[in-house]
Q: 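Structure below; questions to follow.
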Protein chains: 2
Amino acid sequence: MRVPRHVVEARRSRLTELLLERGYLPISELCEELGVSEATARRDLSALESEDRITRTYGGALGEFNATFTSFRERLRHGTEAKGGIARAAAALVKPGMKVYLDAGTTAFAIAQELRRHLPERLTIITNNLALLETLGSLPGAKTIVLGGQLLERQSVLLGNEAVKAAAAQEIDLAFLSAQGMTDTGLWNSQRDIIRLQHAVMKRACRSCFCLDRSKLGRTAPEHLGAWTKVGTLISDLSLPELRQAGITLKPGTLLPTHS
Amino acid sequence: MRVPRHVVEARRSRLTELLLERGYLPISELCEELGVSEATARRDLSALESEDRITRTYGGALGEFNATFTSFRERLRHGTEAKGGIARAAAALVKPGMKVYLDAGTTAFAIAQELRRHLPERLTIITNNLALLETLGSLPGAKTIVLGGQLLERQSVLLGNEAVKAAAAQEIDLAFLSAQGMTDTGLWNSQRDIIRLQHAVMKRACRSCFCLDRSKLGRTAPEHLGAWTKVGTLISDLSLPELRQAGITLKPGTLLPTHS
DNA sequence: TCATAAATGATTGACTTCAATCATATCCAA
DNA sequence: TTGGATATGATTGAAGTCAATCATTTATGA
């Protein structure tokens, strides 16, 4: 029997809420919870999936909550070859007892996963990258510090004055930073707030390593992060000749290549 | 053909890694990723499930990642009747443009969900409760600030000196706080670091509301949070006579009852 | 070295999920 | 008020999932 449109919408909202709260629900529980037949529950799931509000699985569904996280991890899987090499080279620099800063972005995520594999003792990890916390929270014997700041809706990162101020009070042995582009004039990033935080971190770090794969070469972004003279270490799958061809000359010892 | 034990363990570790990265995977993809038959994949899933390292679903499996979150949300669902009332009463105090602090714990989660339903304009939410961020990140027009601090593994909350320092720099209109127990001598909480942060928040807040349901009455915890004279507002499903019977007398106007 | 235990893949049958179809009831707009 | 559109539940057959069983292969320990 047909039912008013707003009732359908309300039920579907409730369904997404339920999935958001519970993470995963099998069809049978959805029917019970919503008081509808399986056929209707499936129809709701189809509708919501085509609006990208949930993710269907065989036998049930996942809340968008999971979708955001998996999409983030999905993004990570793409540049895997290059990013994996960069992450391994970066993680090899980390020694027991160090205080390590990890930037926003998927490269930092790859480094964190690498650290989980080969975990040095008494590590302190400092970051504002919320996507890392699920990974890092379960590291035994490691200490994780979040700088704080304002939550950026789309990206899962904290920025702003609070973040800059907190960074200025830290001691950092090794900072892994990323950027959106590199040209002959230096490094580029998308947002002024990200760059402000990166500057604050660089000022407090004994060593700053920028991690950029070859897809960033020749690209710019709205904001200029800094000239090459300010870069202490560049970890990349690019070679010195490739960089020189793009007009980038580095001081010797600056480039840390990835061996894959 | 039998295979060495360490190979099996390695594959199962890899399986949990995969699920942690992807959130959900159907059996077919698991077989492909791991290079084993369905039968073996299922056996691995059974083994890992009995060790509580993953969650099986019909047709696939979820990473423990989801399990932690759902368990948190599961916990929330239990005290629902009381907590829901408290959350509604609390959310009713929030007016447009306010800066609101939300504490650790499931009560704050309930308040955040309530705020999502009826969202005042230009809200600023300040918190160290990471479990809230997924909920709050999607609130349109609201600003979310995280204080920062050290990540506590079990609880998804940030504490320590960084948190206290950051709290001291905030302006807060309304703070919603919780505690683990209440007796005639005042409020109790489990950890010194939590209490230090709560004190710092109370010092900066125009109004501090403690949210405790009746299950907390008469219970103590390792650390004393403060005497009743310091409590500005108590939101609870308890009545004044019930409190008096437990030896607790409040200044008039302190108790904000829940009407369910 | 040998016997036992363990891991694997294939197969089977019971059970579940799913999309499509259909009849029915009710809404919504003309 | 009326006719078409739409939501719903039941049914059905195809496809998928799952646990149990069995034969085979190989690690492991005595």
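Throughout, a chain's letter reflects where its sequence line sits, starting with A, and its residues are numbered from 1.
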Q: Using a strict 4.0 Å threshold on nitrogen-to-oxygen distance, state whether Arg214(B) and Asp237(B) make a salt bridge.
A: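 Salt bridge: yes.
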
Q: Over how many whole Å does the gap from Met1(A) atom CE to dC27(C) atom P extend?
A: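 Met1(A) atom CE is separated from dC27(C) atom P by 10 Å.
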
Q: Across the strands shown, which category fits Arg43(B) at heavy-atom distances under 4.0 angstrom: base, sugar-phosphate, nothing?
A: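 Arg43(B): base contact, heavy atoms under 4.0 Å.
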
Q: Side-chain contact test, heavy atoms from C-beta onward, threshold under 4.5 Å: evaluate it for Thr106(B) versus Lys83(B) and give yes or no.
A: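 Touching, per the 4.5 Å side-chain cut-off.
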
Q: Arg12(A) CZ to dT6(D) C1': how many Å, rounded?
A: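 Distance, rounded to whole Å: 11 Å.
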
Q: Of all the choices, dG4(D), dG9(C), dA7(C), which nucleotide is nearest to the side chain of Val3(B) once you look at every atom?
A: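 Of the options given, the side chain of Val3(B) lies nearest dA7(C).
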
Q: Nearest-nucleotide wise, let me know which of Pro4(B) and Glu38(B) is further upstream toward the 5' end of DNA chain D.
A: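 Going by which nucleotide is closer to the 5' end, it is Glu38(B).
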
Q: Between atom CZ in Arg2(B) and atom P in dG29(D), what is the gap in whole Å?
A: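 Taking atom P of dG29(D) as the reference, CZ of Arg2(B) is at 8 Å.
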
Q: Using a heavy-atom cut-off of under 4.0 Å over every strand shown, decide if Val8(A) touches base, sugar-phosphate, or nothing.
A: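 Answer is sugar-phosphate: Val8(A) comes under 4.0 Å of backbone atoms only.
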
Q: Want to settle it: does Ile27(B) or Ala41(A) sit nearer the 5' end of DNA chain D, counting the closest nucleotide to each?
A: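 Mapping each residue to its closest nucleotide by heavy atoms, the 5'-most match is Ala41(A).
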
Q: On DNA chain C, does the nearest nucleotide to Tyr58(B) precede the nearest nucleotide to Arg5(B) from the 5' side, or the other way round? Give the residue.
A: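 The answer here is Arg5(B).
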
Q: Give the rounded distance in Å between these two atoms: NE2 of His6(B) and C1' of dT28(D).
A: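 For the pair His6(B) NE2 and dT28(D) C1', the rounded distance is 12 Å.
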
Q: Round to a whole Å and report the spacing from CZ of Arg42(B) to P of dG9(C).
A: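 Distance, rounded to whole Å: 13 Å.
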
Q: What is the distance, rounded to the nearest whole Å, between atom CG of Leu45(A) and atom C1' of dC18(C)?
A: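 These atoms are roughly 11 Å apart.
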
Q: Starting at atom CG of Leu34(A), determine the distance to atom C1' of dG9(D), rounded to an integer number of angstrom.
A: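 Taking CG of Leu34(A) and C1' of dG9(D), I get 15 Å after rounding.
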
Q: Using a heavy-atom cut-off of under 4.0 Å over every strand shown, decide if Thr57(B) touches base, sugar-phosphate, or nothing.
A: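 Sugar-phosphate only.
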
Q: Does OP1 or OP2 of dG9(C) have a side-chain N or O of Thr40(B) closer than 4.0 Å?
A: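 For dG9(C), OP1 or OP2 has a side-chain N or O of Thr40(B) closer than 4.0 Å.
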
Q: Check whether any side-chain heavy atom of Ile235(A) sits under 4.5 Å from a side-chain heavy atom of Phe210(A), and report yes or no.
A: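 No, every pair of side-chain atoms sits at 4.5 Å or beyond.
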
Q: Output the rounded distance in Å from CG (Leu30(B)) to P (dG16(D)).
A: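 The answer, rounded to whole Å, is 17 Å.
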
Q: With Leu19(A) as reference, evaluate Thr55(A), Ile54(A), Leu48(A) under the side chain to side chain contact (heavy atoms under 4.5 Å, CB included) test and give the passing residue.
A: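 Only one option passes, and that is Ile54(A).
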
Q: Answer whether the closest heavy-atom distance between the side chains of Asp44(A) and Arg11(A) falls below 4.5 Å.
A: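 Yes, their side chains come closer than 4.5 Å.
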
